[in-house]
Number of protein chains: 2
Amino acid sequence: MALIWDDLRTVLMLVRHQTLAGAANALEVNYTTVARRVRRAESTLGQILFERLADGYQPTEIAKVVASHAEKMETSEFDLRRYLQGADTELSGTFTITAPQLLISSFLAPVLDDFDQAHPNIELRVLATNDILDLTRLEADLAIRISRNPGDTLKGLRLLEQETASFASPRLADHIRSHPTEMIDWIVYDAFPNVPKGTSPMFPNNRVRFRFDDMVAMLGAAQAGLGVLRVPLFLGRTTSGLEIVPVLPPQPYSDIWVVGHPDVWTSKKAQAFREVLIAHSKWSRSIFTSQAD
Amino acid sequence: MALIWDDLRTVLMLVRHQTLAGAANALEVNYTTVARRVRRAESTLGQILFERLADGYQPTEIAKVVASHAEKMETSEFDLRRYLQGADTELSGTFTITAPQLLISSFLAPVLDDFDQAHPNIELRVLATNDILDLTRLEADLAIRISRNPGDTLKGLRLLEQETASFASPRLADHIRSHPTEMIDWIVYDAFPNVPKGTSPMFPNNRVRFRFDDMVAMLGAAQAGLGVLRVPLFLGRTTSGLEIVPVLPPQPYSDIWVVGHPDVWTSKKAQAFREVLIAHSKWSRSIFTSQAD
DNA sequence: GCAAAATCACGCGTTTTCGCATGCATAGCA
DNA sequence: TGCTATGCATGCGAAAACGCGTGATTTTGC
């Protein structure tokens, strides 16, 4: 009746993913192995944990209970790994950060360069995604985020304040400036599907022309002259083929933070990365706001 | 960097036992396996977890932290196993009880007989020990205990009230009855090293002659006529070569309980065992008290 | 309605893990 | 000082676990 902890972990993954392949992928083993471990767990528990269906493994109620306990075990594992990460004083090994894709080229790239030169023994892994990765689960050690605050459970440091403004292709910008009362076409983000508030009274006629779900595509559309765009200053300024138009005067926007789990925050590598980040933030402040230094 | 849960468990056991053999015994594997798993854990963690000394493995501070987290995982495992035990509706498989040695022959033996005949598919395991086993860790499913209450975390059912009285060998008993004012020698238990309170005024002269740390040995000494003994009625009555003497009139003593963890309490097997236990308790009540039914 | 993709079961050869036996070092003890 | 207990390291053969390939079935997408 000696149950094997890794079998419990396997059951947990199979309950989560519902297919052998999915669980196997998460565990970095062959899916046959998942099937075998689950069979073994079922036999030592004397309980059927999954219904084998054509489209996957359907967990029974008992399997869900097993998984909930395995989840607590997993939490302890992550607690441990974060502790070890936080206690690490080595400036070597791997270090993982995550940032929104669009922050990489304009802001983060020089930071990465500096950091790598200062700490050549650290293998830096960059996860460029708009998804909010779970730092509690160590999906990344530090995250660069655009938000109003670091969140409840995380520690954070505000790197930069930033502003947004309206941008357009040079030709469209010219046209708008010379015909301020004509109808102005906007390209907007799906999550904010209206013309931004705060447009200048000098440009009274605004309407939404396109709604996109992807910022890169929106920038492309703006470059092609399809409309006016509200984006953070740094983004409009560093995108070729766009220039600022006075339709929407610069206005404050969410700040740029570096956030991390308190456990990991103290690690030598995290400290080192923040140092480079802070130094570079001071240097590049003027890209993010319209105010003089 | 995929750490193996069973390696964490192995580290926990090695921190607890400090020797490969001890940990191996607890894990029911060869000690070589413990050594190998610990080496593997050290290598994936990049940390030395133990100092190899001549008399065993000395855990480092980091190992203790690892062990504390593994302990939480272990707690979840026990929580799960108790849940599964409690949800079990089969009247087959193994079932483990514990009871003080001295309760076995006089009280429990017929219960075991009845239970086995009623449920021949259940393999009953009996741990006869005075140690208080940890039911939270499933060292036993149910425990028969002599105490005033079941304890904080456990569920309990009072099976029998009982009384104690004084016993002696027939020859000594005769002598005491015919010479009540002579000095009476007592054999007492280490934990209560004085002459029991409540002796009858008819026998005014009492002293402690021997102190023992073992009840079986005390019974033997009493059988040999070395002195008077205070024991529960059932014990004196069922021990050959002893008879009750009126030095200490029957007086209430701690009750006999069956206790169990709330999670396990509801299992079919536990219910079945309690049934037999209750039935037999009613029958045998007269052995435990001096009062008429 | 049919092709492509996804899923699982099973069998085979390989890799890894494990247990056992041996040898060595140290501590406790007479 | 020698003897014995206990505990660890290492090497070898057995056992277990694993990955891969094949085949069957079902779902998904066009």
Side-chain angles (χ1 to χ4, degrees), chain A residues 1-64 66-67 70 73-74 77, chain B residues 1-64 66-67 70 73-74 77:
Chain A
M1 178 45 172
L3 35 144
I4 298 169
W5 283 13
D6 284 296
D7 288 355
L8 296 179
R9 190 170 179 232
T10 305
V11 170
L12 169 61
M13 290 303 172
L14 189 49
V15 169
R16 281 202 183 132
H17 293 93
Q18 316 260 340
T19 71
L20 292 182
N25 186 48
L27 293 165
E28 297 181 344
V29 296
N30 190 281
Y31 74 94
T32 315
T33 300
V34 176
R36 276 190 283 246
R37 289 187 187 167
V38 168
R39 256 200 302 276
R40 182 171 56 194
E42 285 180 331
S43 113
T44 60
L45 262 52
Q47 299 278 0
I48 293 171
L49 295 176
F50 296 90
E51 278 185 84
R52 276 75 168 165
L53 302 181
D55 61 337
Y57 274 50
Q58 188 67 27
T60 63
E61 287 306 312
I62 291 176
K64 289 178 187 169
V66 173
M73 298 173 75
E74 190 195 37
E77 186 208 335
Chain B
M1 177 48 172
L3 46 139
I4 297 169
W5 283 12
D6 283 296
D7 288 356
L8 296 179
R9 189 169 179 233
T10 305
V11 170
L12 169 62
M13 290 303 173
L14 188 50
V15 169
R16 280 199 185 135
H17 292 92
Q18 316 258 342
T19 72
L20 291 182
N25 186 48
L27 292 165
E28 298 181 344
V29 297
N30 190 280
Y31 74 94
T32 317
T33 302
V34 176
R36 277 189 283 244
R37 288 187 188 168
V38 168
R39 256 201 302 276
R40 183 171 55 193
E42 285 180 329
S43 114
T44 60
L45 262 52
Q47 300 277 1
I48 293 172
L49 296 175
F50 296 90
E51 276 184 83
R52 276 77 168 165
L53 303 180
D55 60 337
Y57 272 52
Q58 188 67 26
T60 62
E61 287 306 312
I62 291 177
K64 289 178 187 169
V66 172
M73 297 173 75
E74 190 194 37
E77 186 208 337

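Numbered from 1 within each chain, the chains take letters A, B, ... in sequence-line order.
Here Leu12(A) contributes atom CG and Met73(A) contributes atom CE; the two are 10.0 Å apart, rounded to the nearest 0.5 Å. Note that CZ of Arg37(B) and CG of Leu8(B) are 11.5 Å apart. Values are rounded to the nearest 0.5 Å. With rounding to the nearest 0.5 Å, the separation of CZ in Arg39(B) from CG in Asp7(B) is 12.0 Å.
The nearest whole Å value for the distance from the NE2 atom in His17(B) to the C1' atom in dT6(D) is 16 Å. If you take CG of Leu14(B) and P of dG7(D), they are 12 Å apart, rounded to a whole angstrom. The CD-C1' distance, from Gln58(B) to dT26(C), rounds to 16 Å in whole Å. Between Tyr57(B) atom OH and dC8(D) atom P the separation is 6 Å, expressed in whole Å. Arg52(B) places its CZ atom 10 Å from the P atom of dT10(D), with the value rounded to the nearest Å. Nucleotide dC8(D) holds its P atom 11 Å from the CZ atom of Phe50(B), rounded to whole Å. To the nearest angstrom, C1' of dA9(C) lies 10 Å from CG of Leu20(A).
The environment of CD1 in Ile48(B) is sparse: at most 12 heavy-atom neighbours from other residues, nucleotides or ligands sit within 6.0 Å.
In this structure, dA5(D) makes no Watson-Crick or G-U wobble pair, since no nucleotide meets both defining distances under 3.5 angstrom. As the counterpart of dT16(C), dA15(D) is assigned, both hydrogen-bonding distances of the Watson-Crick or G-U wobble pattern falling under 3.5 Å.
Heavy atoms of Ala21(A) sit under 4.0 angstrom from primed sugar atoms or phosphate atoms, though from no base atom.
With contacts defined as side-chain heavy-atom distances shorter than 4.5 Å, the pair Val15(B)/Phe50(B) qualifies.
A salt bridge links Lys64(B) with Glu61(B): the distance from a Lys NZ or Arg NE/NH1/NH2 to an Asp or Glu carboxylate oxygen falls below 4.0 Å.
Residues satisfying the salt bridge (Lys or Arg N to Asp or Glu O under 4.0 Å) criterion with Glu74(B), sequence neighbours excluded, are Arg16(B), Arg137(B).
Nucleotide dA5(D) is shown with a syn base, its glycosidic torsion being within 90° of 0.
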Encode nucleotides 15-30 of chain D as B, S and - characters from 5' to 3', where the letter depends on protein heavy atoms closer than 4.0 Å: B to the base, S only to sugar-phosphate, - to neither. --SBBBB----S----
